[in-house]
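Model, not experiment: these values are computed from the prediction. Position 1 is the first residue of the sequence, and the numbers go up from there.
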Amino acid sequence: MAFPRGKIYDATIESMILKENIPLLVYLPASYSEDEQYPLLIVQDGKDYFQLGKLTRFADELIDEGILEKTIIVATHYKSIKDRRNKYHPSGNENLNFMKFIANELIPWVDEHYPTYTIREKRTLMGDSLAGTVSLRTALYFPELFKNLILHSPYVNETILEEVESAPSVFNFEIYHVIGKEETVVKVSNNQDFLTPNRELHQLFIAKGYETFYDEFFGGHSWKYWQSDVKRALQTMFS
């Protein structure tokens with residue numbers, strides 16, 4: 001079925017915090033107008049979500065059906081596997097600076113260049129695996145900026161669980177959270193068990209009183225399974 005397609009632009013932001021230029025992908029919906037205001041979705045592992053997850057194609061379809069509010073999507077992406085770990089992993093050398101970059105440089109850049117809502121209720125962070133981890137931690141570190149999270153099989157360790165447990169209750173979050181039933185041995189992460197700590201994380205979300213959608217899909221830790229879930233994630237979070 002044919003439907004209007006949004007446009008995707010390449011952009012670059014010079015980060016003083018990270019001391020490097022950060023490439024971005026920016027999606028603007030088909031009927032984009034500078035006279036309107038838009039929610040903002042910031043995606044880590046951006047090229048993967050755009051190409052493997054078909055994120056913008058699903059956005060076009062759902063916007064055309066009136067299910068998804070017209071939304072601007074801004075995507076960051078890693079330069080290499082090492083760069084990804086340094087920026088996304090809780091113990092990565094650039095992890096804290098990357099989260100500061102999102103909050104203190106990327107958000108102001110987006111607000112300067114596009115007519116986005118500036119309230120946390122209209123901002124969403126999204127990521128898979130370690131990209132989901134850094135998205136979650138960014139929201140925990142800067143809860144005044146972000147309310148909504150889409151997490152596909154995030155990496156969870158004791159640090160993450162402790163940070164969620166100690167998060168101040170003044171800020172609530174709305175969370176879409178899925179994990180695969182076969183993610184008990186994740187080969188790309190030294191055969192770690194992702195399922196058990198994600199179940200613990202889900203229980204913490206409930207204990208904190210967060211509004212949470214949680215599901216365990218039949219599958220493992222790969223885009224083979226995440227791709228088919230991206231559309232549902234958008235429908236659930238933005239409907």
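Residue Gly132 comes nearest to Leu151 through the heavy atom pair O-CD2, 3.4 Å, listed as atom of the first residue, atom of the second, then distance. The shortest non-hydrogen separation linking Leu201 to Pro154 is CD2-CG, 4.4 Å. The two residues Leu149 and Thr124 come nearest to each other via the heavy atoms N-CG2, 4.2 Å. Of all the heavy atoms in Tyr88 and Asn95, the pair that sits closest is O-ND2, 3.3 Å.
Environment of CD in Gln37: crowded, with over 12 heavy atoms of neighbouring residues, nucleotides or ligands closer than 6.0 Å. Environment of NZ in Lys224: sparse, with no more than 12 heavy atoms of neighbouring residues, nucleotides or ligands closer than 6.0 Å. Within 6.0 Å of the CD atom in Glu121, the count of heavy atoms belonging to other residues, nucleotides or ligands exceeds 12.
Ring pair His177/Phe205 is perpendicular by interplanar angle, where above 60° counts as perpendicular and below 30° as parallel. Using the six-membered ring where Trp is involved, Phe217 and Tyr225 have ring planes that are parallel, under 30° apart on the 30 and 60° scheme. Ring pair Tyr155/His89 is tilted by interplanar angle, where 30° to 60° counts as tilted. In this pair, Trp226 and His221 present their aromatic rings perpendicular. The plane angle is above 60°, beyond the 30 to 60° band.
Ionic pairing of Arg120 and Glu144 is not present here: no N-O contact between side-chain nitrogen and carboxylate oxygen is shorter than 4.0 angstrom. Between Lys87 and Glu20 there is a salt bridge, since a side-chain N of the basic residue sits under 4.0 Å from a carboxylate O of the acidic one. Under the 4.0 Å criterion applied to side-chain N and carboxylate O atoms, Arg57 and Asp60 are not assigned as salt-bridge partners. Of the charged side-chain nitrogens involved, at least one lies within less than 4.0 Å of a carboxylate oxygen, so that Arg199 and Glu216 count as a salt-bridged pair.
Aromatic pair Tyr176/Tyr214: ring centres not closer than 6.0 Å. Ring centroids of Trp223 and Tyr49 are separated by less than 6.0 Å, placing the two rings close together.
Within the 4.5 Å cutoff, no side-chain heavy atoms of Glu200 are placed close to those of Val156.
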Go through the steps for Glu61 and Lys231 under the test salt bridge (charged side-chain N to carboxylate O under 4.0 Å, His left out), then give the verdict. CA-CA 9 Å; Glu61 180 181 346; Lys231 184 176 181 180; 2.7 Å; yes
